[in-house]
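Counting starts at 1 for both ligands and their atoms, in listed order.
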Amino acid sequence: MRRKTEMVRSTCCVVLLLLLSVAARSASAIMDGLLPNGNFEEAPDKSQLNGTRVIGRYAIPQWEISGFVEYIGSGQMQGDMLLPVPEGAYAVRLGNEASIQQRLTLTRGMHYSVTFSAARTCAQSELLNITVTPEIGEVPIQTVYTSSGWDSYSWAFKARRSDMSLIVHNPGVTDDAACGPLIDSFAIKTLQSPPSTKDNLLKNGGFEEGPYIFPNTSWGVLVPPMDEDDYSPLSPWTIMGYTKSVKYVDAAHYAVPGGARAVELVAGMEAALVQEVCTVPGRSYRLEFSVGDAGDGCVGSMSVQAYVSHGSVKVPYESQGRGGNKRGVLEFTATDKRTRVVFVSMAYTMKPDGTLCGPVVDDASVVGVHSHRRLLL
Ligand SMILES: *[C@@H]1O[C@H](CO)[C@@H](O)[C@H](O)[C@H]1NC(C)=O
Ligand SMILES: *[C@@H]1O[C@H](CO)[C@@H](O)[C@H](O)[C@H]1NC(C)=O
Ligand SMILES: *[C@@H]1O[C@H](CO)[C@@H](O)[C@H](O)[C@H]1NC(C)=O
């Protein structure tokens, strides 16, 4: 089981300019968006199916399978339960220890984020293992954040080679071989390293750089908790937690305080948003950020707590669930060369449909107070 360790990074303030030089993309590398047959709409030949079970290893176009894999059409029943399919008419189910993989053509050295949708079926399959060698991630799919039961998840990795396989594996072992998560809609996005700006020590403070969101999905994308060595889809922000995620939301479907993207803290105190910045001990800084609601019907008394050095501030927010935001401010004196900025929601909130929701955080900045004053003189 995954355990969160304290994130300790030793190299502070390494110049990241070098990274920019590898950003030139090769022409053959994959484009942002749906993977080839990423939504499984290209069906296996009928001769390759026994009922719903896929027989041939290469039966699903563009994919390779191993183990008990089912090809599920929308309207399919499991017992007396209807299995919904989030995108198009088909999805895939991974049985015990089953996996599915696709070869990817990537630009070596670049970071990518994979977005996909998943739903658990027998309330047992609690995680999926995702591998792009040598990186392995565990994506917990235990908690459901939508009323349909389908959530979109993201996972990021660094391309060590230009030709790699994305492998999705169900490590579950249950009595019923037909139990196992349903998966659908695989997309990829090249992650650009967010530029550092002179007037904000935080990078990606507006969360504009993040995992792929399907333009027509209205439920956002979850960013799961990650190990300290993993690359985050919201880099350099990481999610600290055990199995709970934060939700990455877009302005097309949510109320977003600034720009096109924000983060909804949907898991109360169980998932925190974290970034470390380089600071000078003894110097004063000001953290500012927006707290609001995503306009998604999440109503109630919310609050976001921000922690920095030895300081913290709690920003209460009364949500009508219709959008809106306010600014939180915290002045602090750095005690170390690295200062960790943490945002966490202090309450658990639910929508009328019973799904978890919470406050939105956006447009965060940390600025040195002295240099700021000098500018004003
Ligand atoms: C289809 O599955 C059934 C039940 O598992 C099995 O008895 C049968 O032999 C399979 N048919 C083929 C063609 O594999
Ligand atoms: C999203 O749009 C694509 C093409 O524009 C369509 O094939 C797909 O069914 C849509 N998905 C959803 C969830 O509406
Ligand atoms: C992936 O699945 C295997 C098999 O159950 C498990 O042992 C492993 O801990 C999982 N996670 C990772 C990161 O490999």
Pairwise ring pair (Phe, Tyr, Trp, His ring centres under 6.0 Å) hits with a residue in residues 182-202, at least two apart: W63-F186, F116-F186

Contact check, side chains of Y145 and L356, non-hydrogen atoms, under 4.5 Å: yes

Output a table of donor-acceptor pairs, distance under 3.5 Å, between side-chain atoms of residues 289-298 and any protein atom two or more places apart or on a different chain; print 'none' if there are none.
from, atom 1, to, atom 2, distance (Å)
S290, OG, R327, NH1, 2.9
D293, OD1, Y317, OH, 2.6
D293, OD1, G323, N, 3.3
D293, OD2, G295, N, 3.0
D293, OD2, R322, N, 3.2
D293, OD2, G323, N, 2.8

Output a table of donor-acceptor pairs, distance under 3.5 Å, between side-chain atoms of residues 253-273 and any protein atom two or more places apart or on a different chain; print 'none' if there are none.
from, atom 1, to, atom 2, distance (Å)
H253, ND1, T217, O, 3.3
H253, ND1, D250, OD1, 3.3
H253, ND1, D250, OD2, 2.9
Y254, OH, S218, O, 3.2
E264, OE2, G358, N, 3.0
E270, OE2, Y348, OH, 2.9

Mind checking whether Y71 and F40 have ring centres under 6.0 Å apart? no

Just to be sure I understand the cut-off, which residues have at least one non-hydrogen atom under 4.0 angstrom from an atom of ligand 1? N50

More than 12 foreign heavy atoms under 6.0 Å from NZ of K158: is that the case here? no

